[in-house]
**Q** 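Got a structure here, written out as structure tokens. Questions coming.
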Amino acid sequence: MRNTRPISWLKAAHKDFEEFPDDVQSDMLDALTIAAEGGKSDKAKPFKGVEGGVFEIALKYRGDAFRTLYAVKIWDDIWVIHAFQKKSKSGIKTPQMQIDLIRERLKRLKEALQ
């Protein structure tokens, strides 16, 4: 039997995620399920903009780019901390505004769970 971790969502991340196309949501939920079961989807990669234990699921869909970030080192749950449609035209780098928001959400989540 698998030891599946719960997937928890920050409210704002879940709201943004629900705006994604259905196909994108389905693929991302598959990747999150793999993480909850202790694996790492081939669609997920470590997110370098913050401390360790945060992963980014990146999908392209009909010319658009969608991102969902989750943390694996906060309590027992997989925490989805941010979801957004990437609109930057300056390459693949995540905009600083998004990185700052991710850092702030991580900080507040850790404080709330202490």
**Q** Taking everything shown except K40 itself, do over 12 heavy atoms lie less than 6.0 Å from its NZ?
**A**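 Above 12, so yes.
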
**Q** Run the numbers on L32 and Y70 for side chain to side chain contact (heavy atoms under 4.5 Å, CB included), then give the verdict.
**A** CA-CA 8 Å; L32 288 168; Y70 65 93; 3.7 Å; yes

**Q** Nearest 0.5 Å, please: how far is CD1 in I34 from OG1 in T4?
**A**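 If we round to the nearest 0.5 Å, T4:OG1 and I34:CD1 are 11.5 Å apart.
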
**Q** Mind checking whether V24 and M28 have side chains closer than 4.5 Å, heavy atoms only?
**A**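 Yes - at least one pair of side-chain heavy atoms lies under 4.5 Å apart.
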
**Q** Are W9 and V50 co-members of a hydrophobic cluster defined by side-chain heavy atoms under 4.5 Å apart?
**A**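 No, separate clusters.
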
**Q** Check for me whether the distance between the ring centres of F20 and F66 falls short of 6.0 Å.
**A**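 Yes, they do, as the ring centres are separated by less than 6.0 Å.
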
**Q** Go through V72 and R5 one step at a time and tell me if the side chain to side chain contact (heavy atoms under 4.5 Å, CB included) criterion holds.
**A** CA-CA 10 Å; V72 296; R5 296 168 66 182; 4.1 Å; yes

**Q** Salt-bridged, R108 to E104, with N to O below 4.0 Å?
**A**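 Salt bridge: yes.
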
**Q** Taking the side chain as everything from C-beta on, heavy atoms only, tell me whether Y61 gets closer than 4.5 Å to D23.
**A**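 Yes, side chains in contact.
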
**Q** If you group Ile, Leu, Val, Met, Phe, Trp and Tyr by side-chain heavy-atom gaps below 4.5 Å, do L69 and I99 land in one group?
**A**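 Yes; I99 is reachable from L69 via cluster members.
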
**Q** To the nearest 0.5 Å, how far apart are NZ in K43 and OG1 in T68?
**A**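 It comes to 12.5 Å.
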
**Q** Going hydrophobic residue to hydrophobic residue with side-chain gaps under 4.5 angstrom, can you get from F17 over to I57?
**A**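 In one cluster: yes.
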
**Q** T33 side chain to L29 main-chain N or O, any donor-acceptor pair under 3.5 Å?
**A**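 Checked: pair present.
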
**Q** Taking the side chain from E56 and the backbone from P46, do they hold a donor-acceptor pair closer than 3.5 Å?
**A**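 The answer is no, because no donor-acceptor pair under 3.5 Å joins these two groups.
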
**Q** What's the separation between atom CG in L59 and atom CD in Q85, rounded to the nearest 0.5 Å?
**A**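 L59 atom CG to Q85 atom CD measures 12.0 Å (nearest 0.5 Å).
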
**Q** Checking ring-ring contact (aromatic ring centres under 6.0 Å, His included) for the pair F47/F55: CA distance, chi angles, key distance, verdict?
**A** CA-CA 5 Å; F47 185 70; F55 291 83; over 10 Å; no

**Q** Could you go through D100 and Q96, starting from their C-alpha distance and side-chain angles, then the distance that decides it, and tell me whether this counts as side chain to side chain contact (heavy atoms under 4.5 Å, CB included)?
**A** CA-CA 6 Å; D100 292 344; Q96 187 62 44; 2.8 Å; yes

**Q** What pairs of donor and acceptor atoms, side-chain ones from residues 73-83 against any protein atom, are under 3.5 angstrom apart with sequence neighbours left out?
**A**
{"from": "W75", "atom 1": "NE1", "to": "L113", "atom 2": "O", "distance (Å)": "3.1"}
{"from": "D77", "atom 1": "OD2", "to": "S8", "atom 2": "OG", "distance (Å)": "2.4"}
{"from": "H82", "atom 1": "ND1", "to": "R105", "atom 2": "NH1", "distance (Å)": "2.9"}
{"from": "H82", "atom 1": "NE2", "to": "Q98", "atom 2": "OE1", "distance (Å)": "2.5"}

**Q** Roughly how far, to the nearest 0.5 Å, is CG of D30 from CD of Q25?
**A**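 If we round to the nearest 0.5 Å, Q25:CD and D30:CG are 12.0 Å apart.
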
